[in-house]
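Structure first, then comments.
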Amino acid sequence: MDLRTKAFLIIGLTLIGGILLIMLFSFSLLNESYTRFEEDDVTQKVIQAQKVLEYEKAQILSLTGDWSRWDESYNFVLDRNEDYIIRNLNYASVENLGIDFALFLKDNSSVKYGTQVNKTTESMEQLSNETIAQILAIPGFFSFDSILDGHSGMIIFPKGPALVTSEPIITSTYQGPAAGILVFGMYLYEEKIQQLSEISDLSIQVTPASSQNIEPYDYPSVQTKKNIYVNPISEDLIQGFTYLPTLDSQGNLELLVSSPRNIVKQGKETIFAYIIILMGLGLSIIFVSLLTVDQLVLKRLHTLIENIKSRNLKRENLSDILLDGNDEFSDLAKEIHPVFMELGRSRRELEEHVRLLTESEKKYRELADLLPEFVFESDLDGNISFMNQMGMSISGLNQNVHLSDLHILRIIDEADHSRFRSALEKIKTGIPISGVEYTGVKNTGERFPLIMYASPIRSGSVITGLRGFAIDISERKEIETSLRKLANIVEHTSTGIVTGRSHEVDYVNSAYSIMHGMEPSDLLRKNPFIVVTGYPEKQFTPYLESALHSGHATFELDHIRKDGTRFPVLHDLTILSGESSENAIWSLNVQNITEQRLAWKALVESEALRESARQLRDVISRLPDATFVIDKDGWVIFWNQAMEALTGISESDIIGRGRYEYAIPFYAEKRPMLLNAVLNKEGTLMEHFPDASKSGDSLFIEESFPQMGKGGKFFSSMAGPLYDSRKNVIGAIQSMRDITPRIMAEKALMRTNEKLNLLSSITRHDIRNRVSVILGLIPLLKGDEKDPETLEIISIVESAAKLIHDQIEFTRVYQNLGVHSPEWKDVGDLVFKVTDVGIPERIQIENNLSGLFVYADPLLERVFYNLVDNAIRHGGTDLSVIRFYLQHRDTSICIYCQDDGLGIPRDLKEKIFERGYGSNTGLGLFLVREILSITGITIVETGLEGKGARFEVVVPYGGYSVKNRKEE
């Protein structure tokens, strides 16, 4: 260590030690302050989490109050109306309320009805007896100071903790006495807690405590404040928790809030910044102190040393003085100067000698590394002293291998060791190794063939080693094997293959010779068109030049056999190499297409058939839908203009193509299309089109093609067979219509309807709550008011509030109308379903609609429910039968709902379908007509007054299907 460095270290370390002491004291003080601040923040978050649970408890209590002050709930507890369960306690309604179970108790606290949500099956099930017993055991839970009083709290069930509320069931006008008690419960499942966490921006957990009385000391490093415990979990996480009592005092719930330690992290960052500033000030003081000493003493010594180093490295300006001045450092520089002069001269001589040796060795190694062979040198015992890069690569070794430890037998298979040792003995006598094949082995164990050449190295007349090279012939042997396999395939294929150079044949396979009844010698060294007949003007050169231009050419010509018979041939000419017809090397595949030509000839020979084909082509070419036709063998015979515009493939390029090539623009691969399934007698191709529908012998489908266009396309396709005059199938036709805009519009409309329904549900719930409050307060106002004019105003307000309540109920039913796509419904099953319960024993239901399927809105079930409910409500006491049957008409089918009740007067037959008409809600038949109109179905009433009502539901053609039944 030099003097300058020692001086710097002594001064710098002294000052740094003082700075470190100040930093340690500051860190302890500030870190404690931030820790206390963090504990207060976590405490506030736990309090906030408690408020979130209290708010959720208040919401459930408010919802319980809405239902417990409802006339329908009041009547249900008194007479258990099954319609109330169907309408209000179904899965969709309870799930929409956000509760998990409901319990109705009579005024004597006996169970009237209990139900709970099963989210796995998306259905309602009976509330378990264990849960009911645990609720009934809650002390004071069913005692109320007034009919408007309620209780809420938490309780631990076997399924987990839950919020439960209870309210006395009274009328919507807030009149007692209470008919029973309504209990709502909501389990604090993980997803519910996650929802509360997202709303409050907190990480909340609610779990049963391990015991009833848990003291703070059970948790390490816990601090308490306001019965809230704070527990740092790690450097990045801190938790706060408190205990929530349950209604039955049988346990406690632990409310846990996790929070990242951002405050402590931010405090540490602040402390770090403070320390950095403090260090900066200290370093400034150190710098000023050191600068003074350096300028007076240390810098001159450093300059002298650097000048000596520079001269030693660069060896320039050797005669210059190392350091000017009159002090001790200058005297030292003058004494050193002669020594550097002598050392410089000796070094130059040595460097020149080393340079010459290095360049010579470098040239030798670079030359060896450039060679594509494995170059090596070794002594007479086989110990390698040099190996080039190709040798390293072939043997699988790397630069880390020491050549002094490498024997040449290590890269030769053990089976060839004796042969190579014999070769070494010959080299010792001066005989070289020339082209001997060995089996090489890499360090990975992989074996490869190689050929070796080596000669002895002589030092004077003494042989001291050997020098040679080896060639890896693995690729050559693989090529030889591949060529033998390829030659075997070419020779035994059923397709004729001819190869040649320029205009001369140099090879024909057996299939080509047999095809022409000739020997290969009859065809070799001759023009390939020697067997072409019927086209004397045809020359091989134009086809060769065409293939040279595009790399490939396909054409048809007739050939002649040795016996003089002619046959049509499909040629496929491919250029293998060459740039002109004079030096081109080519391959020609020849396929006999006699059978295909005969089939086509039979199809178009008839003049009448040709005229029909021309007319069919004219019609298809002008169709606005993309259309194409294939024959029964799968070859394209028509391709209209719309298909050309859609795919970008012209008719001339696709006619005559088969093997599913026409599917590539749509599916990006060769595969069957819908018209192939039409021709498939075995029906095996229908697995490609699981959504296809069939009408007669035609198939229909709507498909998505993601690879077409920028974002994919949707097409509606129709495919059907084509027949000749004898009713034989001769092909198939497929038309495709782009329905992308319609599909995208439907999806956009679906998303819009979902958002509107959500908004409607929220708004309706809020309005109904407000209206319930108004209706509850009006009886109180009436009781205290005696002024007739004020009472009349109160009556008007009451009527308006009831009207608002009825209209809100209408929107609840009407909001889902048309939201979902129409679907096929089994009408017979729907009638059985809506008449299965709730029908008085005196009324008989006749259902003759089995096997009838109708394409309608999913709310079709409500149509038949309203028709049956309308008959029961207005049919009178003599109503005894409600009959459902159907009749076919010319282009439609009519479904009848007929009863033997009072019937409907003639002047009311149309008014009953107006919204608001009727003594109930005025929505039933109006909603029926709206549901049916979505798919073009109409409904009218045609019964006779005094003999019963009869509703006729007319389903248009295409909207119904009747299976295995007889018409009425």
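Throughout, residue positions are numbered sequentially from 1 according to the sequence presented.
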Parallel, tilted or perpendicular, as decided by the 30° and 60° cut-offs, for the rings of F241 and Y229: tilted
Between CG on residue L103 and CG on residue L182, distance to nearest 0.5 Å: 8.0 Å
Backbone of V831 reached by a side-chain donor or acceptor of T835 within 3.5 Å: yes
Any donor-acceptor pair under 3.5 Å from T131 side chain to L127 backbone: no
Exercise: do S152 and T165 side chains pair donor with acceptor under 3.5 Å: no
N252 side chain near T246 side chain, heavy-atom distance below 4.5 Å: no
Side-chain donor/acceptor of D869 to backbone N/O of Y865, under 3.5 Å: no
Under 3.5 Å: donor-acceptor pair, side chain of N90, backbone of S93: yes
Side chain to side chain, I882 and Q844, heavy atoms closer than 4.5 Å: no
Sidechain-backbone polar pair: S166 side chain, F141 backbone, donor-acceptor under 3.5 Å: yes
Heavy-atom pair of closest approach, residues I99 and M186: CA-CB, 4.5 Å
Y113 side chain reached by Y84 side chain, heavy atoms, under 4.5 Å: no
Any donor-acceptor N/O pair, N96 side chain to A92 backbone, under 3.5 Å: no
Side chains of L932 and V863 in contact at under 4.5 Å (non-hydrogen atoms): yes
Stepwise side-chain contact (heavy atoms from CB on, under 4.5 Å) test for M124 and V117: CA-CA 5 Å; M124 301 302 296; V117 173; 3.8 Å; yes
F104 and L89, any side-chain heavy atoms less than 4.5 Å apart: yes
Atom pair CD (Q205) and CD (E254), whose distance is rounded to the nearest 0.5 Å: 8.5 Å
Ring pair (Phe, Tyr, Trp, His ring centres under 6.0 Å) against F142, all qualifying residues, sequence neighbours excluded: none
CG on L136 to CD1 on I181, rounded to 0.5 Å: 9.0 Å
Check: F101 ring centre within less than 6.0 Å of F157 ring centre: yes
Aromatic plane relationship, H151 with F144 - under 30° parallel, 30 to 60° tilted, over 60° perpendicular: parallel
Donor-acceptor side-chain pairing of T43 and D40 below 3.5 angstrom: no
Counterpart residues, salt bridge (Lys or Arg N to Asp or Glu O under 4.0 Å), relative to E95 (two or more places apart): none
Closest non-hydrogen atom pair, Q126 against Q116: O-NE2, 3.6 Å
Shortest non-hydrogen contact between P232 and R261, atoms and distance: CB-NH1, 3.8 Å
Approximate separation, where rounding is to 0.5 Å, of I228 CD1 and Y243 OH: 12.5 Å
Partners meeting side-chain contact (heavy atoms from CB on, under 4.5 Å) with T120 (sequence neighbours left out): N118
Counterpart residues, salt bridge (Lys or Arg N to Asp or Glu O under 4.0 Å), relative to D248 (two or more places apart): none
Straight-line distance of I204 CD1 to Q195 CD, nearest 0.5 Å: 11.0 Å
For I872 against P840, the heavy-atom pair lying closest together: CD1-CD, 4.1 Å
Flag, side chain of Q134 to backbone of I156, donor-acceptor distance under 3.5 Å: yes
All side-chain hydrogen bond (donor to acceptor under 3.5 Å, both in side chains) counterparts of T173, not counting sequence neighbours: T171
Residue D201 excluded, over 12 heavy atoms near CG under 6.0 Å: no
Side-chain (S68) to main-chain (G65) donor-acceptor, under 3.5 angstrom: yes
Side-chain heavy-atom pair P858, E823 within 4.5 angstrom cut-off: yes
Which residues share a ring pair (Phe, Tyr, Trp, His ring centres under 6.0 Å) with Y189, sequence neighbours left out: Y187
Heavy-atom donor-acceptor pair, S200 side chain to L196 backbone, under 3.5 Å: yes
Residues that E235 engages under salt bridge (Lys or Arg N to Asp or Glu O under 4.0 Å), provided they are two or more places apart: K268
E167 versus D149, closest heavy-atom pair with distance: OE1-O, 2.8 Å
Verdict with reasoning, V854 to W824, per side-chain contact (heavy atoms from CB on, under 4.5 Å): CA-CA 5 Å; V854 172; W824 289 96; 5.7 Å; no
Sequence-distant partners of S258, side-chain hydrogen bond (donor to acceptor under 3.5 Å, both in side chains), two or more places apart: Q239
Residues that S172 engages under side-chain hydrogen bond (donor to acceptor under 3.5 Å, both in side chains), provided they are two or more places apart: D71
side-chain contact (heavy atoms from CB on, under 4.5 Å) between I238 and E38, worked out: CA-CA 9 Å; I238 188 169; E38 181 186 52; 3.4 Å; yes
side-chain contact (heavy atoms from CB on, under 4.5 Å) assessment of D857 paired with T935: CA-CA 7 Å; D857 188 87; T935 52; 5.7 Å; no
Lys/Arg-Asp/Glu bridge criterion (N-O < 4.0 Å) met for K825, E861: no
Point-to-point distance, once rounded to the nearest 0.5 Å, from OG1 of T115 to CD1 of I85: 8.0 Å
Contacts of type salt bridge (Lys or Arg N to Asp or Glu O under 4.0 Å), residue E72, not counting sequence neighbours: R87
Within-4.5 Å side-chain heavy-atom neighbours: L202 and S197: no
Partner set under ring pair (Phe, Tyr, Trp, His ring centres under 6.0 Å) for F184, not counting sequence neighbours: W67
With a cut-off of 3.5 Å and sequence neighbours excluded, list every side-chain donor-acceptor pair involving residues 45-53.
from : atom 1 : to   : atom 2 : distance (Å)
K45  : NZ     : S259 : OG     : 2.7

T207 and L253, any side-chain heavy atoms less than 4.5 Å apart: no
Heavy-atom donor-acceptor pair, R69 side chain to P168 backbone, under 3.5 Å: no
